[in-house]
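See below for the structure under consideration.
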Amino acid sequence: MYRRRGRRVGVGVVLLVVLAVGIAQRAAAGAPCWVPPVVGTVTDPFRQPPCVWCAGNRGIEYEVVAGSTVRAVAAGTVTFSGVIAGDRYVVVELASGWKLTYGRVASTTLAAGDVVVRGSIVGRTLDHFFFGLRIDDEYADPAPYLGVEVGRRRLIPTDGRPPRPTPLPRLRCGSPHGAQ
């Protein structure tokens, strides 16, 4: 009798573990994968501050060509557009409640209440640009959600025949926990 009960408990534990792993994988698979908002070089990655007022980097800093186009990575509603401590920022709230911050923007035509769609122009940059993410009002690293375009390897004919058209590149993102 005790063996049978122990076996049932063991099977139940295994089923719970399998279910939890499946849910975690589906959640990771459902995570967004965004085209980066600017073309530039990351000069300072996200660094979680140890306390609310402590030093850190609450987003990603890019070095860009001044006047570069900043594009919305996702659709949402502008909740803030203005200057803080001499730098212009635009905050866009997504349907999920996540908030994206586009900072050190030289110019923008957006105002609070405006709706943006993925790929639309948010503004133009200074020579440095900031991109941040808040989930449930907690700062989060946006890097795992920013994709890299990857193409498919293919063979090209060497007998003079024209090659087939190149397939479009795909966007590949890491998991929300930084693993790829």
Side-chain angles (χ1 to χ4, degrees), residues 28-49 55-154 163-180:
C33 187
W34 302 317
V35 174
V38 294
V39 174
T41 303
V42 174
T43 57
D44 193 4
F46 178 84
R47 287 178 283 109
Q48 182 71 47
N57 188 11
R58 292 160 174 83
I60 301 173
E61 305 275 346
Y62 290 88
E63 184 175 337
V64 294
V65 174
S68 295
T69 301
V70 178
R71 296 204 177 269
V73 300
T77 303
V78 176
T79 58
F80 176 81
S81 179
V83 177
I84 299 174
D87 288 325
R88 181 172 307 283
Y89 290 86
V90 175
V91 177
V92 175
E93 185 170 350
L94 309 182
S96 64
W98 292 12
K99 293 180 180 140
L100 302 172
T101 302
Y102 302 88
R104 301 208 179 93
V105 176
S107 64
T108 185
T109 60
L110 298 175
D114 288 347
V115 174
V116 297
V117 296
R118 188 183 79 204
S120 64
I121 294 176
V122 171
R124 301 279 175 193
T125 65
L126 298 169
D127 60 349
H128 281 78
F129 173 74
F130 172 86
F131 181 64
L133 169 65
R134 282 180 289 160
I135 301 173
D136 298 327
D137 284 328
E138 296 289 326
Y139 292 99
D141 186 1
Y145 304 104
L146 296 175
V148 176
E149 284 190 341
V150 293
R152 245 183 40 211
R153 292 190 177 120
R154 63 190 185 98
R164 286 190 257 164
T166 304
L168 294 174
R170 294 183 319 247
L171 203 58
R172 182 173 54 196
C173 281
S175 77
H177 306 291
Q180 205 155 31

Min side-chain heavy-atom separation [X]-[Y] under 4.5 Å:
X: V39; Y: S68; result: no
X: F46; Y: N57; result: no
X: S107; Y: R88; result: no

I need the minimum non-hydrogen distance between [X] and [Y], along with the two atoms involved.
X: L126; Y: V64; result: O-CG2, 3.4 Å
X: L171; Y: C33; result: CD2-O, 3.6 Å
X: P144; Y: C173; result: O-CB, 3.6 Å

Which pairs pass salt bridge (Lys or Arg N to Asp or Glu O under 4.0 Å) with one or both residues in [range], sequence neighbours excluded?
range: residues 104-113; value: E61-R104, D87-R104
range: residues 62-82; value: none
range: residues 35-47; value: D44-R47

Quick one: side chains of residues 91-103, donor-acceptor pairs under 3.5 Å with protein atoms, not counting sequence neighbours, listed by atom name and distance.
from	atom 1	to	atom 2	distance (Å)
S96	OG	W98	N	3.3
K99	NZ	D137	OD1	3.3
Y102	OH	V73	N	3.1

**Study point:** side-chain contact (heavy atoms from CB on, under 4.5 Å) partners for P163, two or more places apart
**Key:**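 side-chain contact (heavy atoms from CB on, under 4.5 Å) list for P163, sorted by chain: R154, I156, P157.
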Review point. Taking only residues two or more places apart in sequence, or in another chain, which ones meet T69 in a side chain to side chain donor-acceptor pair (under 3.5 Å)?
Key: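 In terms of side chain to side chain donor-acceptor pair (under 3.5 Å), with neighbours along the sequence ignored, T69 is linked to R124.
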Review point. Sub-3.5 Å donor-acceptor pair from the side chain of D141 to the main-chain atoms of A143, do we have one?
Key: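 A pair under 3.5 Å: yes.
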Review point. Restricting to pairs with a member in residues 69-96, which pass ring-ring contact (aromatic ring centres under 6.0 Å, His included), not counting sequence neighbours?
Key: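 Those involving residues 69-96 do not exist here.
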Show me the donor-acceptor pairs, under 3.5 Å and distance only, between side chains in residues 108-120 and residues at least two apart or in other chains.
from	atom 1	to	atom 2	distance (Å)
T108	OG1	L110	N	3.2
T108	OG1	V122	O	2.4
D114	OD2	A111	N	2.8
S120	OG	V117	N	3.4
S120	OG	V117	O	2.8

